[in-house]
2 protein chains.
Amino acid sequence: MAPSRPTIKDVAARAGVSKSLVSLAMRAPDRVSPARLTSIRAAADALGYRPNAAARNLADRRSFTIGVLVQDLHNPISAEVIDGVQRQVRASGYHTMLVTGSADADLERGEIEKLLEFQVEGLIIIGHRMPAGARAAVDGECPTVIISRAETGILGLDSISNDDVCGARMAVNHLYDLGHRRIAHITGGSNQVALLRRAGYEAAMNSHGLTANIACYEGAFTDDGGYRGTRLALASPSKHSAIFVANDLAAVGALAAIAENGRQVPEDVSVIGYDGMALGALRSIGLTTIAQPLASMGADAADLLLQRIGDPSRPPAHVNLEPRLIARTTTSAVSR
Amino acid sequence: MAPSRPTIKDVAARAGVSKSLVSLAMRAPDRVSPARLTSIRAAADALGYRPNAAARNLADRRSFTIGVLVQDLHNPISAEVIDGVQRQVRASGYHTMLVTGSADADLERGEIEKLLEFQVEGLIIIGHRMPAGARAAVDGECPTVIISRAETGILGLDSISNDDVCGARMAVNHLYDLGHRRIAHITGGSNQVALLRRAGYEAAMNSHGLTANIACYEGAFTDDGGYRGTRLALASPSKHSAIFVANDLAAVGALAAIAENGRQVPEDVSVIGYDGMALGALRSIGLTTIAQPLASMGADAADLLLQRIGDPSRPPAHVNLEPRLIARTTTSAVSR
DNA sequence: ACGCTTGATTGGACCGTTCCAATTTGGGGG
DNA sequence: CCCCCAAATTGGAACGGTCCAATCAAGCGT
């Protein structure tokens, strides 16, 4: 019932040649005579031959595959980064093997282990968390690039990130240019990324001479975090005319808090987020935001990785891409 | 520089035993004497030994891997389905290899081909489009389950879907129970899924004796599609008090159209979507919806696949899961 | 015609495992 | 003590490819 897939040997037999020639025909068609080539090809698809990757990888001692660990598949941001990675990886004749991380560090480690067992030639980690166990395992064994916003070059790995400090300044500058002075910040918690964005906010405020107006409210990178932080901000005596929220998801939460408070966006309060997730572009939301160049980050990561595969001794590089402002409808000039 | 990974042979040498014993120790530790086991293990991790999956798969003639093709990674729905698949697949000792489809049918076909070369033991396709070229390739070669809302058993494949007709009726019934009678439907276009939902809407309207009130407006499964369809609906002379939109994304577009029209949700118009995407749960949106049991669909698909792997001759099964209503804030009793 | 170069083809070793038949060990019972 | 059996261990043949050195088959210039 299970005639098990035909092998190169079967093809050879049917075409009346040696298996070596079949192998050659597959890899370098121009090195076998046209006549043989034809009959080999005929035999191959008469039999429905499909090369066995395991055997090929074993013999080649390489897999032409690069592994991608996505820590949070639910984050819509991941999809875009993956697109970028795939496009670039494919263009170089490599193939991609995707694996999802999870809160469970052991599972995550297991996934990486699998990837390594499969002899991936490189690893791309998408997410801002360095898989704990994986670090050691990966280190020095397999070229790795981490796409994240944090851990800037702390490890000896290549990394790609967006420039959070710069992005945060862009956000503040945008509001400043619109005439806002009482600009509050809803933080994203105490993780690396959130701290950088906060630092950028403070730096920009300072450079505009608005040191006295700096006001940070505790939030988180979630709908709820933004909602709660914003309630705090609205309750404060200082009447903020604009709010820079640590990420888009939280900014959407901020919108809810503002509406609940009976104020209008952007008439009473302007809101700007960070990330550029597709969600913000929806008509009902129209969130102004600082967009990370997600696809580029993916593509650059792939480039970096391929370079390192080519030259493992190259010193680790850290690429920090500049995000860009997308002005939509949640920000407007301050009203007198 | 590249000492290339140690093999089972290196471990054997270092532990002073034969490679066969090392192999055995890895697979069935209890069949090796404790003393040897200890020294083998010591040698293994002194060397940082990691089994070579290619070699193992070759020798075993199986991969313990199942391939997953995700047609639209950007659709947040995919992530949840994948979660379900992974959980179940892992529980059975299998491993998952994820691959993304794309608009380009050739690329998609290529990805499936790769999966098959890797000797995956089964295939799960997430998406409502049957990868054109893949169909033939896959057919009869590799157990396959398709998770989709359409193609109900048309193919000889196992499939999982949610019951769109039933879900649409639930949506209408919910509105009906709230006292609504002038219920409009914004369609999702002319694809299979959209048609089923529309059919469910019409059936429900009929069974409530509201045949005369049936009103479908052309839309699409996008933010914009919902927006446009809803504008049509609002412009019509029949004053609809409630709108059932073909999916959540479009429902969010509907919300925008309604707001733009100066009406309130749910006071003036109730809105209900379909899918249950996470987005709808955001505070700013609070969309009432018919939620597909995404994780269950994934898990069931995995189960089905594993069953079929166990018994390839089992006749194809089609599981149609019932969705459930999640009432949030975009629907309320009709106001007199 | 003839040795030669060149291109086409082949046989067999090898990649890192698993598996099985065969061999070695280690006691226990008589 | 020796014999026998079970448990522990080993050697070598697959698995399905790739690659290389060796063999074969043509042309070609002189």
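Protein chains get the first letters and strands the later ones, always in sequence-line order, with residue 1 at the start of each.
In this structure, the helix from dA1(C)-dT30(D) to dG30(C)-dC1(D) shows an angle of 50° between the axis at its start and the axis at its end, each fitted on 5 base pairs and rounded to 10°.
One distance of note links CG of L69(B) with NZ of K114(B); it measures 15.0 Å at 0.5 Å rounding. With rounding to the nearest 0.5 angstrom, the CG atom of L115(A) is 12.0 Å from the CD atom of E121(A). The line from SG of C142(B) to CZ of R50(A) is 8.5 Å long, rounded to the nearest 0.5 Å.
For residues 18-39 of chain A, there are no salt bridge (charged side-chain N to carboxylate O under 4.0 Å, His left out) pairs, not counting sequence neighbours. Applying the ring-ring contact (aromatic ring centres under 6.0 Å, His included) test to residues at least two apart or on different chains, the pairs with a partner in residues 28-66 of chain B are F64(B)-Y94(B). Applying the salt bridge (charged side-chain N to carboxylate O under 4.0 Å, His left out) rule to pairs touching residues 307-317 of chain B yields D158(B)-R308(B), D158(B)-R314(B), sequence neighbours excluded. The salt bridge (charged side-chain N to carboxylate O under 4.0 Å, His left out) pairs that include a residue from residues 87-101 of chain A are R90(A)-E111(B), where partners are two or more places apart or lie in different chains.
Annotation: proximity of residues 8-26 of chain A to DNA chain D (heavy atom, distance under 4.0 Å) is found for I8(A), K19(A), S20(A), S23(A), numbered in ascending order. At a non-hydrogen distance threshold of 4.0 Å, R27(B) from residues 27-36 of chain B come into contact with DNA chain C. Of the residues in residues 55-62 of chain B, L58(B), A59(B), R61(B) come within less than 4.0 Å of DNA chain D through at least one heavy atom, sorted by number.
Using modelled atom types, no side-chain atom of D45(B) and backbone atom of G48(B) make a donor-acceptor pair closer than 3.5 Å.
For the side chain to side chain donor-acceptor pair (under 3.5 Å) test, residues two or more places apart in sequence or in another chain that qualify with T100(A) are Q86(B). D83(A) meets the side chain to side chain donor-acceptor pair (under 3.5 Å) test with H74(B); sequence neighbours excluded.
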Apply side chain to side chain contact (heavy atoms under 4.5 Å, CB included) to the pair I66(A) and L123(A), showing each step before the final yes or no.
-> CA-CA 6 Å; I66(A) 77 117; L123(A) 214 49; over 6 Å; no
Determine, stepwise, if the pair T144(B) / I124(B) fulfils side chain to side chain contact (heavy atoms under 4.5 Å, CB included).
-> CA-CA 6 Å; T144(B) 301; I124(B) 293 183; over 6 Å; no
Side chain to side chain contact (heavy atoms under 4.5 Å, CB included) between S161(A) and H318(A): does it pass, once the steps are laid out?
-> CA-CA 8 Å; S161(A) 52; H318(A) 175 64; 3.1 Å; yes
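When each of N75(A), D275(A), N191(A) is tested with F221(A) by the rule side-chain contact (heavy atoms from CB on, under 4.5 Å), just one qualifies, namely N191(A).
In this structure the side chain of E108(B) reaches within 4.5 angstrom of the side chain of Q71(B), judged on heavy atoms.
For E117(B) and dG16(D), the CD to C1' distance is 13 Å, given to the nearest whole Å.
The two residues I40(A) and A15(A) come nearest to each other via the heavy atoms CA-CB, 4.0 Å.
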Polar atom pairs (N or O), protein with nucleotides 24-27 of chain C, under 3.5 Å:
none

Provide a list of protein-nucleic acid N or O atom pairs under 3.5 angstrom, restricted to nucleotides 4-6 of chain D.
none

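Note: H95(B) and F118(A) have parallel aromatic rings, judged against thresholds of 30 and 60 degrees for the angle between ring planes.
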